[in-house]
Amino acid sequence: MNNFMKLQFAAVSNNESFARVAVAAFVAQLDPTVEELTDIKTVVSEAVTNAIIHGYEGNPEGVVTVSASIINHTLHLNIEDSGLGIADVEEARQPLYTSKPEMERSGMGFTIMENFMDEITVHSGVGLGTRIQMIKQISNDLTQMN
Amino acid sequence: MNNFMKLQFAAVSNNESFARVAVAAFVAQLDPTVEELTDIKTVVSEAVTNAIIHGYEGNPEGVVTVSASIINHTLHLNIEDSGLGIADVEEARQPLYTSKPEMERSGMGFTIMENFMDEITVHSGVGLGTRIQMIKQISNDLTQMN
Amino acid sequence: MSLKMQTERIEHTLIVRLQGELDHHTAEKVKSHLEEQIAMNTFTHMLINLNELTFMDSSGLGVLIGRYKQIMERGGQMVVSDVHPSIYRIFEMSGLFKIISVHPSESEALASLEVVS
Amino acid sequence: MSLKMQTERIEHTLIVRLQGELDHHTAEKVKSHLEEQIAMNTFTHMLINLNELTFMDSSGLGVLIGRYKQIMERGGQMVVSDVHPSIYRIFEMSGLFKIISVHPSESEALASLEVVS
Ligand SMILES: Nc1ncnc2c1ncn2[C@@H]1O[C@H](COP(=O)(O)OP(=O)(O)O)[C@@H](O)[C@H]1O
Ligand SMILES: Nc1ncnc2c1ncn2[C@@H]1O[C@H](COP(=O)(O)OP(=O)(O)O)[C@@H](O)[C@H]1O
């Protein structure tokens, strides 16, 4: 069972929950466990929030793109912005590192993405925007095959 | 409060419920009534199903695009495909008219869209695909303004 | 995936209880399952209980009308019960009420049929 | 929109019950509301009950840590109760357990505080 979707929306915080629900509804066709679904929603929330806060620094003109494809029982999830980009990706990925402590950011976004997904690749550069590619295998319940 | 989103996905029937949920989650920010939300879900279901069945005739390579924008308390909803198109739009919009009676289509899709939305415009032509533009005012509950 | 179906035979009637969302995707399943029942069984009437149907669009109308025709052919009647307001409006628009009678509850719908047969 | 907050004062403790989804969008509201309470009131400790919190991401961690710091500054303690498994994992990853103690229920969390003061 293969499928794909691509979602674009304005970089406003209202759309964080919208993006979570949309991705969860798309992934539902794989019959994920509740835990898998929560992991995916959390990861979407982290990356979309980062695009809004860090990528576009709150500029509502920014556009966030979330794309997802299902290949057999694997979810490929991409979340990207064409905002400011990240100068030092390795530093950014450190647990507790945040460039915006004054906004009460915890610096745990990347750590959560790494823990909840099987693979994550970060493409970013100053002025080039940021693209987060993630992969997660969804448990294959054999009784549910169709 | 203004906002927009654009959603693209493979023309497979699995995505009908996905499209409904995604649009409903986007519209939720307007605090619609349950009835308004059901109307919108139904209309999305009608137009997306038509794109899949009639526009692409079941070809899963087809791509359906759903875009929605919120301008004040008005929802602008566009659903389009680049499939076969409609030769005679006026005939297609007649209640009970269907070109696929053998598939148990009821011919009520356009009638439902017309009834559940405030305005509908159909752009279509043979070989040009189909774009349905719809508008609906969402009741403005003054106690919920933020 | 998001539609469940339960059937029960009472005297001359097959009761079909639909639960979940009835759209083009799930309509296929409902159609083939009910056609199988119609082919195999000797019941006369069909009662469709929509109490737990949370969503239905015009693809649902198509399946209902399709079954209505098959049941009519064998001289039976088709009735529907427990129609939610949102689905009621679609029934109204399509003129379905002219051919399929709607009852507030399953027991009332059943009573209407058992009087007939 | 999708987050509700209820507060209750018991002795030296402000109990905060969160309901719904705590993300960046709703965190703003929680932060400003709790900062107001901290500025106005004379309570010492804060107890956050997460029993009805259905979703939380790292923006939620940020609000909790921010309030923890303010409560520490006035010599109080912050405790949390009723943490769902999915949120528990995020707490674990961040090392939050080292600074904020977690209790299975609101009453146990409250008891732990009232012993302190
Ligand atoms: N989309 C993005 N665009 C620009 N910078 C980003 C983006 N995502 C993350 N960053 C940078 O990486 C840092 C760490 O991100 P993260 O681990 O999610 O923590 P937090 O969002 O709490 O700061 C951010 O503080 C920011 O500097
Ligand atoms: N996206 C589309 N592409 C091509 N033809 C379409 C499309 N949407 C509708 N049509 C045509 O219009 C007719 C009426 O549509 P509708 O009222 O939704 O009824 P139904 O889908 O039950 O046939 C269809 O039978 C089809 O011929």
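Proteins get letters first, then strands, A, B, ... in listed order; numbering begins at 1 in each. Excluded from the calculations below are hydrogen atoms, water molecules and symmetry mates; all remaining heavy atoms, backbone and side chain alike, are included.
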A:Asn15 and B:Phe26: which non-hydrogen atoms are nearest, and at how many Å?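 For A:Asn15 versus B:Phe26, the nearest heavy atoms are OD1-CE1, 3.9 Å.
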Looking only at non-hydrogen atoms, find the nearest pair between B:Phe9 and A:Met5 and report the distance.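 Result for this residue pair: CB-CB, 4.0 Å.
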Proximal component of A:Val66, with respect to chain B [non-hydrogen, under 4.5 Å]: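 Neither part, no heavy atoms under 4.5 Å.
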At under 4.5 Å between heavy atoms, what parts of residues 18-25 of chain A are in contact with chain B? List them by residue number.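 At a heavy-atom separation under 4.5 Å, chain B is reached by A:Phe18, A:Val21, A:Ala22, A:Ala25.
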Once rounded to the nearest 0.5 Å, what's the spacing between atom CD1 of B:Ile70 and atom CG of A:Asn14?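 Rounded to the nearest 0.5 Å, the CD1-CG separation comes to 8.0 Å.
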Give a yes or no on whether B:Glu90 atom CD has more than 12 heavy-atom contacts from other residues, nucleotides or ligands under 6.0 Å away. no
Return the set of residues passing side chain to side chain contact (heavy atoms under 4.5 Å, CB included) with B:Ser82 (not counting sequence neighbours), or none when no residue passes. B:Tyr56
For B:Val64, is it the side chain, the backbone, both, or neither that has a heavy atom closer than 4.5 Å to a heavy atom of chain A?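 No part of B:Val64 comes within 4.5 Å of chain A.
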